[in-house]
S.K.: 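There's a structure below that I have some questions on.
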Amino acid sequence: MTNFNYSKEFCSHDATFLAENFRSKKLSIVEYISNLFSYIEQENPSLNALTSLQKEAALQRAKELEHRPAQSHEILFGVPIVLKENIQKKGFPVQCASRMLEGYKGQYDATVVSLLENAGAIFISTANMDEFAMGSSNEHSCHGPVKNPHHFKHSPGGSSGGSAAACAAGFAPLALGSDTGGSVREPAAFCGIYGFKPTYGRISRYGLVAFGSSLDQISPFARSISDLDIIMRILGQPDVRDATSLCTSYESQLGKENFLKGRTIGVPRSLLTNAVDKRVLVAFEKLEAKMRDFGTKFVDIEISTLKYTLSVYYVLASAEASSNLSRFDGIRYGHRTQQAQDLFELYSQTRTEGFGKEVKRRILLGTFALSAGYYDAFYGRALAARDLIVEEFAKVFETIDFIYMPTAPSSAFLLGESSLDPMQEYLNDIFTIPANLAKLPAISLPAPIDDEGLPIGLQFYAPQGNDAQLLALAYDLEKQGLVKTTAFKNMK
Amino acid sequence: MSEHVFSKNYPILNKITEKYDIVIGIEVHCQLASKSKMFSRSKNAYGDAPNSNIDPTCLALPGALPVVNEECIDLALRMGLAVGSTIQKVSVFARKNYFYPDLPKGYQITQYDKPLCFGGSLTLQNKKVVRIERIQLEEDAGKNIHVGTASLVDYNRAGVGLIEIVSCPDMSSPEEASEYLKKLHSYVVNLDISDGDLDRGNFRADANVSLKPKGSSTFGQRCEIKNVNSFKYLEKAIAYEVERQHEIIENGGSISMETRGYDSDKNETYSLRTKENAKDYRYFPEPDLPPLIISNERIERIRSILPELPETKTSRFIETYHLPEYDAKVICASKVNSTYFEKLVSQLKGTCDAKFLANFFMTEVMRAIKIYADTKGISPDELNEVPVSLEHCVSLLKLQANGTISGRIGKEIFEEMISSGKSPNLIVKEKNLIQISDDISIHEICLKVLNENQSQLNDYFQGKEKLFGFFVGQAMKISGGKLNPGKLNERMKEMIESQRNKG
């Protein structure tokens, strides 16, 4: 059927290319998917990115698609996708990397799953993650840590480390993660790919296991901006099943106008202290200089409320998590202790056995923050501070188009390095959390790497709702070669 | 403030109120009669097979989200408008966190510091105004069922919409409390807000009871009596609780704040949990639901289609139909009855007057309702419709009005109509019950009666005028009750007088 060369590079094709060739029947979906699984089965054991390969179901679906013509709306016809294991899909494990949900299988399809399948996509596997999406290193997982495809001794970032590593390793051109405080952008930065967190509410949360409901956003990984655009055209829809979803749809702006020339970009320069890694700063300034050459204006900005970022985030996210995770009680599904004598013990033992250390830490923190007598001092003040942060961003955006900063203070740290000190791990999210607090769209772009070093992520924020403009800016940067995925480069 | 409240059923309380004021506030949880649940698409139905009306949201499967059912909001707004609450343009849902097997999410979605309605009131018969503090929206829990040593949970009820109606502590006797509760109940039922079935838990009341020295402006420590599901038991539970608290205070003790249950068999309240064991519910705004915004247009739309309140309807019946207050109240106590009555009035307009129809309804129809309910083993309030065909009633009353049948025959036909379900016209035809009104037939029968009863006629002429009734009765007997009574009377009188003159 095809002369396509299944060389090692076959897995580097992006979704746009694959869909086009599958739609025109120039490539065989079945052949591609089965080759892909051979590759994954060989490479995944050392990466530990994917947790439950769905080979049979994927091949079955590939056959179905192959034997009929693609319909016009099936813009991801035959394209393989990886799903973070905290998103519901009927029959797929939804384990959230927790002993608590061992053996639990999806009972319904998340809105994102239905939309993507309706667009012709094939879900090939679930991905590893930090337990219940809490963590920035992917070491807090009952499946064990994920390795960074660029260097196995390093973390892929978290919490969506499995999805990021899978996309960077070529297991799929697209992967879904969830971003509550940077859980997609940080791993994208560490793995040298693109990670896009849309405006809060742009993508339906229905079917995403909640961590911090007011911060959570399902977010895609890709190795090209056109792939992010394609998946946003499918997922950026209002959803009646999610009361917090936006009432407008994503309307692509890719290549419609020049997003470099004449745009004004704000840089919170005072945040770029010596806590930021030297290599990151160099890459940061290099992109800035090149953008100036293309006619982009840069201004320094101050966002004074950002000093509250970490405290506000950890109070709100933990408080919401403490309530969201109450449903894991051993009554209806998931782990149930064998030790209980009464109802109280059933709850406490089940949860003691089922949850990992980081999850317990945050449940305790959140429960405390909501307790009678402490609410006003913690949760109430954090809510008020969040409002200030939202207002200040809105004000700052009155005179600029985008904000520019690194995604993380460093490139991927060594596995085992951060998990010893939770504060160190929390500090890692300092550049990503504000977007979640202020509900802004933000994207992590891979800086081109000339040396043998690990990938570096550079980040842009846009005003609420300007998801398409942000992707259009990233598209122009990618087109000019100013940012570039490092997937497959230096793979060891 | 501290007028003496006379408690008819609880004489001991009269004694207590010489020294103390009884302070009672009521919280009612009322299930909304919406088609689906408050935050999910599952059916809201009672009595279906366990766990048949469930979905990811009301089962709290990981990742499922709540979405507000607008029908529930409309029903709650209806309640708020009916009792004169101020509808809040912006209200906020909150999470109330606690663990229990019937609470699948580990929290209940409710409202906390920003409920849908503030204020409003109901007026009792003694003109006392009971203020309503707030009305809030929330969701019901499932049901734990204990079978031997096993515990099972049915989530059919989990997520059903509720309104919680909280009164101010304005009631001062058990009777006032039960009257308030009955009145609230008639509102929710008449306004189609709830099925209001107490046995099924559609309408559940908690009472806060405390005592304070007569005239004092400081409230005493209160106890809450939970989930009393009958008007009578609520009264009794409060009366018991007042006596209990009185005894403690009189013996120099003090009341500790606690939640109590009521045992109707023993007629006493018992401690469920004390304040020290009170739960910390860790309320916080529900992040899955944006604030609920109510527009003026929506409020006006609900107001314009607000079903008539029982009181308003009673006044209208007095005004429009010129009914005595008693009749209007009796008929308007039930929405089913008053609706039926109004249909009768409108279909028989120009034929029968409303007062006549009210008498007919309150005797014949209501008796039939009672008998029907008795055979079904339920109370007449529980019937969804009047078990008498409106069409048959109308034709019966028309037959009576146009003189085809007599009133007496009418009663007979009504009974037959109920038991056989046949139409009055058919019954009249089958039994040949058409009233005899023609002069010749009446004349012949009268003549026969007078000829056959000459001695009585003589007595009559001697002055025993009471015997007139006897002659009429004989005539009716011969005719099988079919003679037109007016004409018969007239004719009989004429013929007796002509005989007297002849004699």
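Just so we're on the same page: letters track the sequence lines, and every chain starts at 1. Worth saying up front: this structure is predicted, and the values here are computed from it rather than measured.
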S.K.: Heavy-atom distance under 4.5 Å to chain B: side chain of A:N324, backbone, both or neither?
M.R.: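 Both backbone and side chain.
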
S.K.: Can you say whether B:D288 sits under 4.5 Å from chain A via the side chain, the backbone, both, or neither, judging by heavy atoms?
M.R.: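 The answer is both parts of B:D288.
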
S.K.: Looking at B:R157, I want to see if its CZ is surrounded by more than 12 non-hydrogen atoms of other residues, nucleotides or ligands under 6.0 Å.
M.R.: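 Counting other residues, nucleotides and ligands, CZ of B:R157 exceeds 12 neighbours.
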
S.K.: By a 4.5 Å heavy-atom criterion (distance strictly below it), what part of A:A372 contacts chain B: side chain, backbone, both, or neither?
M.R.: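 Its backbone and side chain both get close to chain B.
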
S.K.: Distance-only, no hydrogens or angles: does the A:R241 side chain make a donor-acceptor pair with backbone N or O of B:V67 under 3.5 Å?
M.R.: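 Flag not set: sc A:R241 to bb B:V67 has no pair under 3.5 Å.
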
S.K.: Are more than 12 heavy atoms from other residues, nucleotides or ligands located less than 6.0 Å from atom NZ of A:K360?
M.R.: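 For A:K360, atom NZ is crowded (more than 12 foreign heavy atoms under 6.0 Å).
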
S.K.: Which region of A:T367, side chain (C-beta onward) or backbone (N, CA, C, O), has a non-hydrogen atom less than 4.5 Å from a non-hydrogen atom of chain B, or is it both or neither?
M.R.: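 For A:T367, the contact with chain B is made by backbone and side chain together.
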
S.K.: Can you tell which part of A:L208 gets under 4.5 Å to a heavy atom of chain B, answering side chain, backbone, both or neither?
M.R.: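 Backbone only.
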
S.K.: How about A:Y375: does its OH atom have over 12 heavy atoms from other parts shown lying under 6.0 Å from it?
M.R.: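 More than 12 heavy atoms, drawn from other residues, nucleotides or ligands, come within 6.0 Å of this atom.
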
S.K.: Quick one: are B:F99 and A:S348 in side-chain contact, heavy atoms under 4.5 Å?
M.R.: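 When only atoms from C-beta onward are counted, A:S348 and B:F99 do not touch, as no gap falls below 4.5 Å.
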
S.K.: Would a distance-only check, ignoring hydrogens and angles, find a side-chain to backbone donor-acceptor pair under 3.5 Å from A:Q88 to B:P62?
M.R.: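 Yes: the side chain of A:Q88 pairs with the backbone of B:P62.
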
S.K.: After noting the C-alpha distance and the side-chain angles of B:F284 and A:L316, does the key distance pass the side chain to side chain contact (heavy atoms under 4.5 Å, CB included) rule?
M.R.: CA-CA 10 Å; B:F284 74 104; A:L316 295 182; over 6 Å; no

S.K.: Other residues, nucleotides and ligands only: do more than 12 of their heavy atoms fall within 6.0 Å of CD on A:Q338?
M.R.: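 Atom CD in A:Q338 is not packed in, count stays at 12 or less.
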
S.K.: Any side-chain heavy-atom pair from A:S323 and B:R282 closer than 4.5 angstrom?
M.R.: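 Not touching, per the 4.5 Å side-chain cut-off.
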
S.K.: For chain B, which candidate among A:I87, A:V94, A:D242 shows the most heavy-atom pairs at distances under 4.5 Å?
M.R.: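 Looking at each of A:I87, A:V94, A:D242 in turn, A:D242 comes out on top.
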
S.K.: With a 4.5 Å cut-off on heavy-atom pairs, point out which of B:P290, B:S151, B:P66, B:P104 contacts chain A the most.
M.R.: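 The answer is B:P104.
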
S.K.: Check whether A:Y104 gets within reach of chain B through its side chain, its backbone, both or neither, counting any heavy atom under 4.5 Å.
M.R.: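 Just the side chain, heavy atoms under 4.5 Å.
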
S.K.: Between B:N97, B:V68, B:L61, which has the largest tally of heavy atom pairs under 4.5 Å with chain A?
M.R.: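 Winner by heavy-atom pair count: B:L61.
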
S.K.: Nearest heavy-atom pair of B:P285 and A:L383: which atoms, and what distance?
M.R.: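 For B:P285 and A:L383, the tightest heavy-atom pair comes out as CG-CD1, 4.1 Å.
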
S.K.: Of all heavy-atom pairs between A:Y206 and B:A64, which one has the smallest distance, and what is that distance?
M.R.: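 What the structure gives for the nearest pair is CE1-CA, 4.0 Å.
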
S.K.: With a 4.5 angstrom heavy-atom cut-off, is it the side chain or the backbone of B:T57 that approaches chain A, or both, or neither?
M.R.: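 Answer is side chain: those atoms of B:T57 sit under 4.5 Å from chain A.
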
S.K.: Apply the test side chain to side chain contact (heavy atoms under 4.5 Å, CB included) to residues A:D329 and B:K105: give CA-CA distance (whole Å), side-chain angles for both, the deciding distance (0.1 Å), then the verdict.
M.R.: CA-CA 9 Å; A:D329 55 6; B:K105 294 189 293 295; over 6 Å; no

S.K.: What option among B:Y283, B:Y281, B:Y100 has the most heavy-atom pairs under 4.5 Å with chain A?
M.R.: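 Among B:Y283, B:Y281, B:Y100, the one with the most close pairs to chain A is B:Y100.
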
S.K.: Around B:K35, counting heavy atoms of other residues, nucleotides and ligands shown, do more than 12 lie under 6.0 Å from its NZ?
M.R.: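 No.
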
S.K.: Would B:Y107 and A:R327 count as a side chain to side chain contact (heavy atoms under 4.5 Å, CB included) if you check the C-alpha gap in whole Å, the side-chain angles of each, and the deciding distance to 0.1 Å?
M.R.: CA-CA 8 Å; B:Y107 56 84; A:R327 67 186 61 193; 3.3 Å; yes

S.K.: As a quick check of understanding, evaluate side chain to side chain contact (heavy atoms under 4.5 Å, CB included) for B:Y155 and A:R332, giving each step before the final call.
M.R.: CA-CA 11 Å; B:Y155 290 105; A:R332 292 166 314 284; 3.5 Å; yes

S.K.: For A:F328, is it the side chain, the backbone, both, or neither that has a heavy atom closer than 4.5 Å to a heavy atom of chain B?
M.R.: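 For A:F328, side-chain heavy atoms alone lie under 4.5 Å from chain B.
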
